[in-house]
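First the proteins, then the strands, lettered A, B, ... as listed; each starts at 1. Note that these values count all heavy atoms, side chains included, but never hydrogens, waters or copies made by symmetry. Note that the structure is predicted; figures quoted are calculated from it, not measured.
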2 protein chains.
Amino acid sequence: MGQDTGRPAGDIFHDFIAAKGFKMTSQRMHILDVFLKKEGHLSPEELYSTVKTKYPSIGRATVYRVLKLLKEAGLANQVDFGDGYSRYEHKYGHAHHDHLICVSCGKAIEVVDEEIEKLQEKLAARYGFALEGHKMDLFGLCPACLQKKKS
Amino acid sequence: MGQDTGRPAGDIFHDFIAAKGFKMTSQRMHILDVFLKKEGHLSPEELYSTVKTKYPSIGRATVYRVLKLLKEAGLANQVDFGDGYSRYEHKYGHAHHDHLICVSCGKAIEVVDEEIEKLQEKLAARYGFALEGHKMDLFGLCPACLQKKKS
DNA sequence: ATGACTGCAAATGTTTTGCAGGTTT
DNA sequence: AAACCTGCAAAACATTTGCAGTCAT
């Protein structure tokens, strides 16, 4: 389901850009590159400063613009943990997943539960909705923080 | 589970304010009043303009500050549909619930599925997490919009 | 009286946009 | 050449904060 391990992300992006009649530029490739190397959920600002260290001439606005393109191209996912700014995670090589977030240390791990997915479908159907997607974030204490709290 | 139909929201707020050593003011009561009358999910800005029509002298900052207090007092819930600004819903008389949101008309309805709740617990436990809460939003087309799309 | 609260305007922090010049097709 | 892109700085957002004056306790 939605696993695209077949084609390199660069190709997907390239095709997307071409299909839209846009142009491939070095900045766009560099940003995608840095983005793909970073696992996890990063804010535009984090991505910007990482990009900046390698390619100092790239501007902040370009990072925001490319992030939007990546989202449109289906390579990035915009997530929101409700802490003020958005974060992006790359979808490339990642199947759909939800999040288990530690409220103490902030670490987030990716989870899936097929049974829950099915029940969501059924729940939506019960209200006559045609489900298109969902966002599920579970908040709690991770094992490590749980341990610390005991002391 | 978390249903507080017993005491008026005003009392709860009053007690909370007193317990904190804060002061009850007309602005705070007015804002709570307007907030409680509005069902659904409203942004601070929406609440502000509604408040403004009835009490023109109340300032924007006060609305934001009261919203924060209501959240602390357990009377309001901050939700985030990922569209740029936060929204608040009142918890008073509402048990925990998730959301089913129409991607076309934006309407959101409240849903609960006990079976899903249980599975979330189990899922978290599987990773050693002590679950404290969750956020689940399902996106899709509501029956009405589904109908329109067919034409 | 004291300490909290208010409205305003200014400040903040994130994201977007206008523009002049540079690049890709 | 044409259309698109870029970096920059300014603008646009939602939200927060500093302040001088006001009000609840």
Chemist: What is the separation between atom CZ on A:Arg60 and atom C1' on C:dG13, rounded to the nearest whole Å?
Modeler: 10 Å
Chemist: How are the rings of A:Phe13 and A:Phe16 set relative to one another: parallel (under 30°), tilted (30 to 60°) or perpendicular (over 60°)?
Modeler: parallel
Chemist: Below 4.0 angstrom, N of the basic side chain to O of the carboxylate: do A:Arg7 and A:Asp15 qualify?
Modeler: yes
Chemist: Side chains of B:Tyr64 and B:Lys68: any donor to acceptor distance under 3.5 Å?
Modeler: no
Chemist: Could you state the CD-C1' distance from A:Gln78 to C:dT16, rounded to the nearest angstrom?
Modeler: 13 Å
Chemist: Hey, what do you get for CD1 (A:Ile116) to CD (B:Glu117), rounding to the nearest 0.5 Å?
Modeler: 9.5 Å
Chemist: Closer than 4.0 Å, any side-chain N/O of A:Tyr64 to the OP1 or OP2 of C:dT15?
Modeler: yes
Chemist: Would you mind reading off the distance between B:Phe16 atom CZ and C:dC5 atom P, rounded to a whole angstrom?
Modeler: 10 Å
Chemist: Just wondering, are more than 12 heavy atoms of other shown residues or ligands nearer than 6.0 Å to NE2 in B:His97?
Modeler: yes
Chemist: Are OP1 or OP2 of D:dA14 and a side-chain N or O of B:Ser86 less than 4.0 angstrom apart?
Modeler: no
Chemist: Rounded to whole Å, how long is the line connecting atom CD1 of B:Ile17 with atom C1' of C:dA4?
Modeler: 10 Å
Chemist: Kindly indicate, with the supporting measurements, whether the criterion side-chain hydrogen bond (donor to acceptor under 3.5 Å, both in side chains) is fulfilled by B:His96 and B:Asn77.
Modeler: CA-CA 10 Å; B:His96 156 74; B:Asn77 229 353; over 6 Å; no
Chemist: Would you kindly give the CD1-to-C1' distance between B:Ile58 and C:dC8, to the nearest whole Å?
Modeler: 15 Å
Chemist: Salt bridge check: are A:Lys54 and A:Asp33 linked by an N-O gap of less than 4.0 Å?
Modeler: no
Chemist: For nucleotides 17-20 of chain D, which of its nitrogen or oxygen atoms have a protein nitrogen or oxygen under 3.5 Å away, and what is each distance?
Modeler:
none

Chemist: Under 4.0 Å between a Lys/Arg side-chain N and an Asp/Glu carboxylate O for A:Glu46 and A:Lys38?
Modeler: no
Chemist: Between B:Asp113 and A:Lys122, does at least one N-O distance fall below 4.0 Å, as a salt bridge requires?
Modeler: no
Chemist: Return the residues of residues 19-57 of chain A meeting this criterion: a heavy atom under 4.0 Å from some atom of DNA chain C. Order them by number, or give none.
Modeler: A:Lys23, A:Met24, A:Pro44
Chemist: Expressed in angstrom and rounded to an integer, what is the separation of B:Leu67 atom CG from D:dT16 atom C1'?
Modeler: 13 Å
